[in-house]
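Worksheet: one structure, shown below.
One-based numbering along the sequence shown. Only heavy atoms go into these numbers, but all of them, side chains included; no hydrogens, no water, no symmetry mates. Ligands are counted one by one from 1 in listed order, and the atoms in each one are counted from 1 as well. Remember, predicted model here, so these are calculated numbers, not experimental data.
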Amino acid sequence: MFALEGVRSGYGRTEVVHGIDLTIADDGVTTVLGHNGAGKTTLLKTVMGLLPVRSGRITWDGKDITRMSAHQRVREGLAWVPQGQQSFGTLTTRENLLVVAEAHPGGRGRLEEVVAMFPALEPLMDRRAGLLSGGQRQQLSIARALLTGPRLLVLDEPSEGIQPSVVQEIEEKIVGLASRSGTQVLLAEQKVGFALDAADQYTVLATGRVVRSGRADEAAVDAAREALAV
Ligand SMILES: Nc1ncnc2c1ncn2[C@@H]1O[C@H](COP(=O)(O)OP(=O)(O)OP(=O)(O)O)[C@@H](O)[C@H]1O
């Protein structure tokens, strides 16, 4: 189990995340919902070790990883899909995948299986990533992260800037990942529908604090919307 206890973090003198408790289930998708500026990205960066924990702790299967570097956390099985469908725009899709595959133990061996999970990418292997659509680049970003063989995949607003018909496809990939390959997923989202359709459990953040959390069942949509309206 991946757990945050009383985690505080921020930038310079400003604390943005004010003592968050969050448990990420051993399987399935956990969503962090919140408006612009609620602290979702800050929280995810803290999970990844890209921002230091000011107080509180993070444990994974009982092991304290609070002071671990981002690099060490990736070796422990964390993978990060940042906001904005980031990839090397001048490299082809294949080259973008190879850069990651070659940098991680076992990456080459996972290449075929990962590409097979994203059939939309297959005809685009020789196209420069900068020429792909937002949805295609998002799939490439997720594929790159999966090449590291993660136990926990952390995604920051994967639906942002993507047309609605493709959002559905991305959602199916995320749900499939969690249910078929047993990869845990932590997802930050603003879109309640997308977030709760994909999720098994959810947490709503407002100004860096948890204001609601629970199972992503039918009642969750109203509960989350109510919490977001505060
Ligand atoms: N690099 C930074 N330096 C200083 N303050 C920052 C920095 N990045 C974010 N913040 C501030 O931290 C707060 C939370 O921002 P954060 O990006 O975590 O929110 P978010 O919920 O991910 O929002 P969004 O949905 O817009 O990405 C905001 O007030 C923001 O201005």
- Note on the structure: So CD of Glu189 and CD1 of Ile174: to nearest 0.5 Å the spacing works out to 7.5 Å
- How far is atom 9 (C) of ligand 1 from its nearest protein heavy atom, and which residue and atom name does that atom have? Tyr11 CE1, 3.5 Å
- Message: Please identify which of these residues, Val166, Asp197, Leu187, meets the side-chain contact (heavy atoms from CB on, under 4.5 Å) condition with Glu171.
- Response: Asp197
- Query: Any idea which part of His35 is under 4.0 Å from ligand 1, heavy-atom wise: side chain, backbone, both or neither?
  - Reply: backbone
- Item | side chain to side chain donor-acceptor pair (under 3.5 Å) against Arg8, all qualifying residues, sequence neighbours excluded | Glu15
- Testing Thr66, Thr23, Leu43 for side-chain contact (heavy atoms from CB on, under 4.5 Å) with Leu4, which one passes? Leu43
- Nearest protein heavy atom to atom 16 (P) of ligand 1, by residue and atom, and its distance? Thr42 OG1, 3.6 Å
- Do me a favour and list the nearest non-hydrogen protein atom to atom 17 (O) of ligand 1 with residue, atom name and distance? Thr41 CB, 3.6 Å
- Task: Report the nearest protein non-hydrogen atom to atom 19 (O) of ligand 1: residue, atom name, distance rounded to 0.1 Å.
- Result: Gly39 N, 3.2 Å
- Message: I'd like to check which ligand 1 atoms, numbered from 1 as shown, lie under 4.0 Å from a non-hydrogen atom of Gln83.
- Response: 27 (O)
- Message: Among all the protein's heavy atoms, is there at least one whose distance to atom 30 (C) of ligand 1 comes out below 4.0 Å?
- Response: no
- Task: Determine whether any heavy atom of Gly37 lies closer than 4.0 Å to an atom of ligand 1.
- Result: yes
- Note on the structure: For Pro52 and Ser9 the tightest heavy-atom approach is O-CB, 3.4 Å
- Item | Distance in Å, Glu157 CD paired with Asn36 CG, rounded so as to fall on 0.5 Å steps | 7.0 Å
- Task: Distance to 0.1 Å, residue and atom name: give those for the protein heavy atom nearest to atom 26 (O) of ligand 1.
- Result: Asn36 ND2, 2.6 Å
- Item | Polar contact flag, side-chain donor to acceptor under 3.5 angstrom, Glu172-Gln168 | yes
- Query: Touching ligand 1 at all, Glu157? Heavy atoms, strictly under 4.0 Å?
  - Reply: yes
- Message: Run the side-chain contact (heavy atoms from CB on, under 4.5 Å) test against Ser141 and tell me which residues pass, sequence neighbours left out.
- Response: Val81, Gln138
- Message: With a 4.0 Å cut-off on heavy atoms, is Val16 in contact with ligand 1?
- Response: yes
